[in-house]
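The block underneath contains the structure these notes are about, expressed in structure tokens.
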Amino acid sequence: MKLLETYILRRVGQMFLVALLPVLAIIWTTQVLQRVNLVTDSGQSMGSFAKLATLILPSIIPIVLPFALVIGVTQTLTTMNNDSELTVIDAAGAKRGIILRPILILAAVISVFSFLVDNVVEPKAKTGVRQMVAAAYADLLSTVIEEKNFRRIDTGLYVQISERLAGRVLKGLFVVDERDPAFELIYYAREGAVDEKGTSLIMHDGEVHRKTQTGEVSVIRFDSYSFDLSDLTQNRGQATLRASDRELPFLLNPDPNDKDYVAKPGSYRAELHRRLTDWVLPMVFALISLAIAGDARSHREARLHPMVAALIFAFAIRWASFYAANQIDTDPEYIGVLYAIPVIASLLAIASLSHHKRLSVVSAMSDHIAASWQRLLRRFGRSAGPSAGGSA
């Protein structure tokens, strides 16, 4: 690689990291905070929470990478243009490949990295997250619930115990079940225990109060009562895997006996084609950024900042891809649309680069916005007028 190409690659790479790391940190923090209830509700340690936060990270990286690359490319090229570096390169008779090659190499590396994260690392991480959550709630009553403290163990389900004894025995049980909107159930029992499978809470010597929406209350005493916990502890530490948790070989050849695949085959089809197209977005966005900001431009030219124009185009492509991928779940005809979006965008960018012209859609939009902005500035300038003066 030539010295100038190395120089461009280093500058774009540095700006890419400057854009990537803060945005990634912000999104990661918001995602982690949404799962802080795993610590507060299930009594997990901070070490488990840190592990969970680490497993969340791979699902965010492929989303942020393409946009960070857009910022890195457009900001670097705009700065080089403002410093007349692009003008000097053109005046020296250098080929455009000196600018294109290092950026496209970086985009190719990021695309491959995105593919590996999306299809290898992320499925394993998501599986780990589901297993952690399932394991955290699998033995919730017998090991996690603190004595004499009310604890929510599920939406609309609250439990309190007065004492925990050996052999999984619980004393002084109080259970409130509001999960059914038609009625509310309140259980009292002197003693109870979770069975060995963790799927039932056996309560002894107690009563249940049933209150309907109309305010009617019925009380039933019982010597023994089995409260079903299978929804909370199903498969005891085993998580139900969804399409987004599966690895690429499974998506290419799903198990016809898999329960989730049998119930939702469309989601597996959509996930497969999403993964086969999302990883090329860094390369597509790099081509668009080059088509918008890759040429030397006059400082006096009224135009929208290249970064803004490129990001508008990138967000439009990302939204269209996301919409098409979601529609594949119910309408397989959108598969062709999903693959056509990056192909058409790439061809437009390549045609623009080969003819030394900006993308027509972005160019027209940029010119219109820039002209409107200049008219607005002139209008405010005239309304302000000269400094106030006049005779005394």
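Hydrogens, waters and symmetry mates play no part in the numbers below; they use all other heavy atoms, side chains included. This chain uses plain numbering: 1 for the first residue, then up along the sequence. Nothing here was measured: the structure is a model prediction, and the numbers come from that model.
- Proximity of Leu65 to Leu69: side-chain heavy atoms (C-beta onward) are nowhere separated by under 4.5 Å.
- Here Glu271 pairs with Arg274 in a salt bridge; the nearest charged N to carboxylate O distance falls below 4.0 Å.
- Residues Gln213 and Pro181 share a closest heavy-atom pair of NE2-O, 2.6 Å.
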Show me the side-chain donor-acceptor pairs of residues 104-122 shorter than 3.5 Å, one per line, residues at least two apart or across chains.
| from | atom 1 | to | atom 2 | distance (Å) |
| --- | --- | --- | --- | --- |
| Ser111 | OG | Ala107 | O | 2.9 |
| Ser111 | OG | Trp279 | O | 3.4 |
| Ser111 | OG | Met283 | N | 3.4 |
| Asn119 | ND2 | Phe115 | O | 2.9 |
| Glu122 | OE2 | Lys126 | NZ | 3.2 |

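- A donor-acceptor pair is defined here as one N or O able to donate and one able to accept, closer than 3.5 Å; such a pair exists between the side chain of Ser354 and the backbone of Ala351.
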List the steps, then state whether side-chain contact (heavy atoms from CB on, under 4.5 Å) holds for Leu353 with Leu100. CA-CA 10 Å; Leu353 288 170; Leu100 301 180; 4.2 Å; yes

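- Residues Met15 and Leu20 are members of separate hydrophobic clusters, defined by side-chain heavy-atom contacts under 4.5 angstrom among Ile, Leu, Val, Met, Phe, Trp and Tyr.
- Taken from CD1 in Ile292 to CD1 in Ile312, the straight-line distance is 9.0 Å, to the nearest 0.5 Å.
- Ion pairing between a basic and an acidic side chain is recognised when a charged N comes within 4.0 Å of a carboxylate O; Asp205 and Arg221 show such pairing.
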Could you go through Thr78 and Met307, starting from their C-alpha distance and side-chain angles, then the distance that decides it, and tell me whether this counts as side-chain contact (heavy atoms from CB on, under 4.5 Å)? CA-CA 8 Å; Thr78 301; Met307 183 191 299; 5.9 Å; no

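- Under 3.5 Å, the side chains of Glu207 and Tyr225 contain no donor-acceptor pair of N or O atoms.
- In this structure, the side chains of Ile99 and Ile8 come closer than 4.5 Å at one or more pairs of heavy atoms.
- Summarising the geometry, atom CD1 belonging to Ile220 is positioned 8.0 Å from atom CZ belonging to Arg210; distances are rounded to the nearest 0.5 Å.
- In this structure, the separation between CD on Gln160 and CG on Leu170 is 12.0 Å, given to the nearest 0.5 Å.
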Could you pull out every donor-acceptor pair under 3.5 Å between side chains of residues 22-30 and any protein atom, sequence neighbours left out?
| from | atom 1 | to | atom 2 | distance (Å) |
| --- | --- | --- | --- | --- |
| Trp28 | NE1 | Ala53 | O | 2.8 |
| Thr29 | OG1 | Ala25 | O | 2.7 |
| Thr30 | OG1 | Ile27 | O | 2.6 |

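- With sequence neighbours excluded, the residues that form a side-chain contact (heavy atoms from CB on, under 4.5 Å) with Glu216 are Thr212, Thr214.
- Panel note: side chain Asp83, backbone Glu85; no donor-acceptor pair is recorded below 3.5 Å.
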With side-chain contact (heavy atoms from CB on, under 4.5 Å) as the test, would you mind laying out the steps for Val175 and Leu157 before giving the verdict? CA-CA 7 Å; Val175 181; Leu157 183 61; 4.0 Å; yes

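- Across every non-hydrogen atom of Pro58 and Leu55, the tightest pair is CD-O, 3.2 Å.
- When hydrophobic side chains of Ile, Leu, Val, Met, Phe, Trp and Tyr are connected at separations under 4.5 Å, Ile202 ends up as a singleton with no cluster partners.
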Report the C-alpha separation of Ser321 and Leu338 in whole Å, then their side-chain angles, then the decisive distance to 0.1 Å, and conclude whether the side-chain contact (heavy atoms from CB on, under 4.5 Å) test is met. CA-CA 6 Å; Ser321 298; Leu338 181 62; 4.2 Å; yes

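- Scanning both residues, Met80 and Tyr7, for their nearest heavy atoms gives CE-CE2, 4.3 Å.
- By the side-chain contact (heavy atoms from CB on, under 4.5 Å) test, Asp180 is found to be paired with Ala182, Phe183, residues two or more places apart in sequence or in another chain being considered.
- For Tyr261, the ring-ring contact (aromatic ring centres under 6.0 Å, His included) partners are Tyr268, not counting sequence neighbours.
- Side-chain heavy atoms closer than 4.5 Å link hydrophobic residues (I, L, V, M, F, W, Y) into clusters, and following such links, possibly through other members, connects Leu17 to Leu57.
- Remark: His209 engages Tyr188 in a ring-ring contact (aromatic ring centres under 6.0 Å, His included) (not counting sequence neighbours).
- In this structure the side chain of Leu185 never reaches within 4.5 angstrom of the side chain of Glu178, judged on heavy atoms.
- Here the CD1 atom belonging to Ile103 is positioned 7.5 Å from the OG1 atom belonging to Thr76, to the nearest 0.5 angstrom.
- A continuous path of ILVMFWY side-chain contacts below 4.5 Å connects Phe222 to Leu173, so both sit in one hydrophobic cluster.
- No continuous path of ILVMFWY side-chain contacts below 4.5 Å connects Val308 to Val18, so the two sit in separate hydrophobic clusters.
- No more than 12 heavy-atom neighbours from other residues, nucleotides or ligands sit within 6.0 angstrom of CZ on Phe322.
- A pairwise comparison of heavy atoms in Thr74 and Val70 identifies OG1-O, 2.6 Å as the closest pair.
- In terms of heavy atoms, Pro62 sits closest to Pro66 at O-CD, 3.2 Å.
- Among residue pairs with one or both ends in residues 335-351, those qualifying as side chain to side chain donor-acceptor pair (under 3.5 Å) are His273-Tyr339; sequence neighbours excluded.
- If you take CG on Leu77 and CG on Leu290, they are separated by 6.0 Å, rounding to the nearest 0.5 Å.
- Each salt bridge (Lys or Arg N to Asp or Glu O under 4.0 Å) pair with one or both residues in residues 56-77, not counting sequence neighbours, would appear here, but there are none.
- Between Arg275 and Arg246, the closest heavy-atom pair is NH2-O, 2.5 Å.
- Atom CZ of residue Phe250 and atom CG of residue Leu272 lie 12.0 Å apart, to the nearest 0.5 angstrom.
- Arg190 places no side-chain N or O within donor-acceptor distance of the main-chain N or O of His204, the cut-off being under 3.5 Å.
- For an aromatic pair to be called close, the ring centres must be under 6.0 Å apart, and Phe315 with Phe67 satisfies this.
- Residue pairs meeting the salt bridge (Lys or Arg N to Asp or Glu O under 4.0 Å) criterion with at least one partner in residues 315-337, sequence neighbours excluded, are Asp278-Arg318.
- Proximity of the aromatic rings of Tyr187 and Phe174 is defined here by a centroid distance below 6.0 angstrom, and this criterion is not met.
- In this view, Tyr323 and Trp319 satisfy the ring-ring contact (aromatic ring centres under 6.0 Å, His included) rule, not counting sequence neighbours.
- Ile63 meets the side-chain contact (heavy atoms from CB on, under 4.5 Å) test with no other residue; sequence neighbours excluded.
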